[in-house]
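Data block below; observations after.
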2 protein chains.
Amino acid sequence: MTDLLPPIQSTARDDAVLKALAGFVRQEALGPGEKLPTERILAERLKVSRNTVREALTRWEGLGLVERRQGSGTYLKAAVSPDMLHMPLTLAGGNDFAGLMRTLEIRRALEAEAAALCAVRAGKDEIAEIKRKLDIMEEAFHTRAGMSSEEDWEFHQSIYRASGNPLFEQIISAMHELFHRFWEHPLGVRDFGHASFPYHRTIFDCIAAHDPEGARAEALKLIATVEDDLKRGAANLKLSDRR
Amino acid sequence: MTDLLPPIQSTARDDAVLKALAGFVRQEALGPGEKLPTERILAERLKVSRNTVREALTRWEGLGLVERRQGSGTYLKAAVSPDMLHMPLTLAGGNDFAGLMRTLEIRRALEAEAAALCAVRAGKDEIAEIKRKLDIMEEAFHTRAGMSSEEDWEFHQSIYRASGNPLFEQIISAMHELFHRFWEHPLGVRDFGHASFPYHRTIFDCIAAHDPEGARAEALKLIATVEDDLKRGAANLKLSDRR
DNA sequence: GTGGTTCAATGGTCCAACCAATTTCTGCAT
DNA sequence: ATGCAGAAATTGGTTGGACCATTGAACCAC
């Protein structure tokens, strides 16, 4: 009963600026990479101070929606729409082992669900596309004799896309980036990801057979191998830390 | 709190301001809810313009790290540390039935995992806290003869917190907000959420018994009831649409 | 105590410059 | 005409100062 009567805010100018800008972007059908009006122009058109415009743009910049280049202009970096939800994820504690494990816990939950949904919903075209990515990945694995992050990631992304829910790709991508931000070099484990290789095909087989629970189980096995690799790497680090 | 906050130089001012502020927060051991120096003080100490300080704080505000209250001050909203990873994620949500179902798919995956992890990791204190929220929720249910969004949500949040992984709360909260943005009124279903009531206690029982798979199963049942309610609501809408 | 009033502190907005990086234009040499 | 160096314009970044709106505390009258 208290939830009605939301607090009013007479001062919300920069918010209003962003709303207006979002509307403008939609009307002009601006896409990523395109340049949007000068701060001075915006200030004049919206009848607000340039300072206010800047604070609004600073928010968008912090959210990664926009990129400013001094002397050049302000450019869109992502698609924006008036009804957007911003979800700033903050992973404190930094680049330690626990941080990596936390991203993996999220990914384990979502990866399994996405694989299951994909097995239910994927049509012929989607399955063919996943198989294509799988073949490329396996090819790279055999020629280079090791896991290839790039092709591996592409394979997984094709599954998320075929899940019919774009949120999976968005959130798992965020976890993936968070993960790779402090894992440029595989912690001293030479064959990192090697153990996960066979499960890529078993996941695909389950998807192709429209077996959601099988796909879920195989996805969980895959993540488990990554967690094991990570733990091995952490153990290595601990040992070599006594240098 | 005098000699901290040394002056700033060179470009990338606002970034430097944030780094200095993060260091200050750590050295002063400031926690959520505490007030940090006024903009004017910061500007003077850091030897930058107040405008620059404001742009920096605007970024933190956009990331949900800080809350500004006009006439009062600027307050920490979350723990911040100098080595923090920010991953702003923007979700383009469609405000239709399918959009609601998509948020539920994410929540189903994460809710189950969080409940399972909680069952493994929750200590005595966390379990007591969850029980407290459960009691409050059940009390509200019986007195008001219906589900109470607020108390229900608090109960779930206490589980996420006890999962030992803050990402669960962050992501599910985003889904929750996305969900409630187009569901102010329960789609014509009078007793929305009613069916989910008993599962709150079964989930708690499994957690208290440190039974992860049981907790996972009960959480899945709970989400299933919400999905059913949603489908009923959608059916209602379709019928009443022929007005 | 209760309920206003005053007043200082604080965030929000505005303005008018100037700085720094970039882009564009200009004009000279070839 | 062409190519290129330098000047000029454009644009985001920063500064300092001013004023407004809100908050909270101290104060006062009842």
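Atoms considered below: every heavy atom in the structure, side chains included; atoms not considered: hydrogens, waters and symmetry mates.
Residue B:S72 has no polar side-chain atom (N or O) positioned under 4.0 Å from OP1 or OP2 of C:dG11. Between B:S49 and the phosphate of D:dG16, there is no side-chain N or O to OP1/OP2 separation shorter than 4.0 Å. Distances shown here put a side-chain N or O of B:T74 below 4.0 Å from the OP1 or OP2 atom of C:dG11.
Here A:R69 lies in heavy-atom contact (under 4.0 Å) with sugar-phosphate atoms only.
Side-chain atoms of B:R40 come within donor-acceptor range of the base of C:dG11, with a qualifying N/O pair under 3.5 Å. On a pure distance criterion of 3.5 Å, a polar donor-acceptor pair joins the side chain of B:N51 and the base of D:dG16.
Closest-nucleotide positions on DNA chain C for A:V48 and B:L36 were compared, and the one nearer the 5' end corresponds to B:L36. Looking at which nucleotide of DNA chain D each of B:R50 and A:G73 is closest to, the 5′-most match is held by A:G73.
Put simply, CD on A:Q170 and CG on A:L167 are 6.0 Å apart, with the number rounded to the nearest 0.5 Å.
With rounding to whole Å, B:K35 atom NZ is found 14 Å from D:dT23 atom P. Going from atom CZ of A:R13 over to atom C1' of D:dA21 covers 12 Å, rounded to whole Å. When the C1' atom of C:dG12 is taken as reference, atom CD of A:E55 falls 8 Å away, rounded to whole Å. Spacing between atom CG of A:L46 and atom C1' of C:dC14 amounts to 15 Å, rounded to whole angstrom units. Separating the CZ atom of B:R54 from the P atom of D:dG17 is a distance of 18 Å, rounded to the nearest angstrom. The distance from atom CD of A:E39 to atom C1' of C:dC15 is 15 Å, rounded to the nearest whole Å. Look at CD on A:Q70: it is 6 Å from P on C:dA21, rounded to the nearest Å. Rounded to whole angstrom, the span from the CD atom of B:E67 across to the C1' atom of C:dT10 amounts to 14 Å.
Judged by the 6.0 Å and 45° rule, B:R69 forms a cation-pi pair with B:Y75.
Taking the six-membered ring for Trp and the full ring otherwise, B:H156 and B:F168 have centroids separated by 6.0 Å or more. Taking the six-membered ring where the residue is Trp, the centroids of B:H200 and B:F141 are separated by 6.0 Å or more.
Surrounding NE2 of B:H194 are at most 12 heavy atoms belonging to other residues, nucleotides or ligands under 6.0 Å away.
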